[in-house]
Participant: 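Quick one: structure below, then a few questions.
Whatever order the structure lists them in is the order used to number ligands and atoms, beginning at 1.
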Amino acid sequence: MTLRSVLTGTGSSLPVRIVTNAELAEKVDTSDEWIVERTGIRTRHIADEGETTATLATDAARNALEAVGLTGADIDLIVLATATPDQTFPATATIVQEAIGARGGIAFDVAAVCSGFVYAVGVADSMLRTGMAKRALVIGSETFSRILDWEDRATCVLFGDGAGAIVLEARESDAADAPGILATRLHADGAHNQLLYVDGGASTTGEIGKLRMKGREVFRHAVNNLASVLGEVLGDAGFTADDIDWLVPHQANARILDATARKLNMPAEKVVVTVDRHANTSAASVPLALDVAMRDGRIKPGDLVMIEAMGGGFTWGASLIRI
Ligand code: COA
């Protein structure tokens with residue numbers, strides 16, 4: 001029998017405060033029309049004081065556990081993807097571990113920015129399949145509002161805060177159509193690490209810094225890298241793009257989503273889109289979108305779901321999951 005990582009449930013959490021494009025236009029020289037046309041974003045959730053990456057992650061984790069009827073005591077692995085941890089250390093995953101009452105297992109953070117959740121899925125899947133853990137919470141949680149330069153209109157309109165979580169469980173099966181993670185590919189190319197970065201850090205300026213981005217160049221790389229990694233994962237799993245029931249992409253920009261779906265020849269109806277409501281929530285965007293589509297009944301047991309993301313580093317990756 002082969003061990004597989006089965007996705008048994010999802011959860012999410014968003015800050016209470018919703019900020020519209022019109023509100024941003026009062027602070028920087030932009031407009032609702034420009035933001036909607038170039039990005040598809042209409043609103044984003046922004047964390048208030050007291051809402052942090054750890055509190056959002058904890059809420060999303062509890063929400064996911066509730067969905068599958070488990071408690072923190074059932075979890076022996078927490079992999080949390082974030083670029084905006086509560087503290088430089090300890091890992092935010094350990095704060096969540098304590099909050100949900102999951103003692104003694106494994107808990108650590110993964111830093112791959114917007115690709116963080118897909119990286120975390122890849123890492124957790126490897127650990128579950130080698131028997132290091134039995135039941136994992138994989139979480140993407142971010143408060144990018146805290147690292148935005150609110151005077152830079154080219155970046156501050158693009159991001160939002162939030163968290164999403166999934167429960168993965170190691171189960172044995174040899175059936176070809178059994179649920180589980182079927183294939184994952186992860187990549188990085190550090191040659192581009194100055195196209196999207198934060199201009200600070202514990203070991204350099206001693207300050208956290210602000211997000212900086214060359215948007216146009218990021219856009220170009222994103223579409224090419226995503227199309228190629230999606231092809232790799234489909235090849236590994238022995239499927240074609242036609243077999244995918246749902247594409248759940250990183251929600252950076254509606255135009256990147258459209259371009260990626262076009263490259264795969266996928267109809268827009270099969271792409272889960274939340275960027276209009278959530279903006280780019282970095283590592284949280286894929287699990288947030290997954291949770292939306294699981295809860296509204298679009299994604300059903302047996303469906304073939306492709307998740308993908310690309311982010312600073314550059315890092316990128318994709319994973320094909322049978323629900
Ligand atoms: N409102 C109004 N004008 C804006 C603006 C805003 N919020 N942000 C930028 N502009 C202006 C620029 O200053 C520029 O003006 P100029 O021509 O007078 O210099 C003009 O719009 C075009 O800027 P440019 O950056 O070339 O626009 P674009 O068509 O590439 O769109 C992005 C900008 C950021 C929306 C686009 O590049 C993008 O989506 N990139 C990918 C970013 C991303 O997803 N990153 C995260 C990956 S994880």
Participant: If you count heavy atoms of other groups shown closer than 6.0 angstrom to CD of E151, is the number above 12?
Facilitator: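 Open: at most 12 neighbouring heavy atoms sit under 6.0 Å from CD of E151.
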Participant: Any side-chain to backbone donor/acceptor pair from H45 onto P15? Under 3.5 Å, distance only.
Facilitator: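 Looks like yes, one N/O pair under 3.5 Å.
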Participant: Please output the residues near ligand 1 using a strict heavy-atom distance under 4.0 Å, listed in chain and residue-number order.
Facilitator: D29, T30, W34, R38, T39, C114, R153, A154, V157, L158, M213, G215, R216, V218, F219, H250, A252, N253, R255, I256, N280, M310, G311
Participant: Around atom CE of M213, are there more than 12 heavy atoms of other residues, nucleotides or ligands at under 6.0 Å?
Facilitator: yes
Participant: According to salt bridge (charged side-chain N to carboxylate O under 4.0 Å, His left out), who are the partners of R17, at least two apart in sequence or on a separate chain?
Facilitator: D48
Participant: For the pair R295 (side chain) and T10 (backbone), establish whether a donor and an acceptor sit closer than 3.5 Å, ignoring hydrogens and angles.
Facilitator: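 Yes; judged by distance alone, with no hydrogens or angles, the pair exists.
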Participant: Find out whether L7 and M294 are in side-chain contact, i.e. whether some heavy atom of one side chain is under 4.5 Å from a heavy atom of the other.
Facilitator: yes
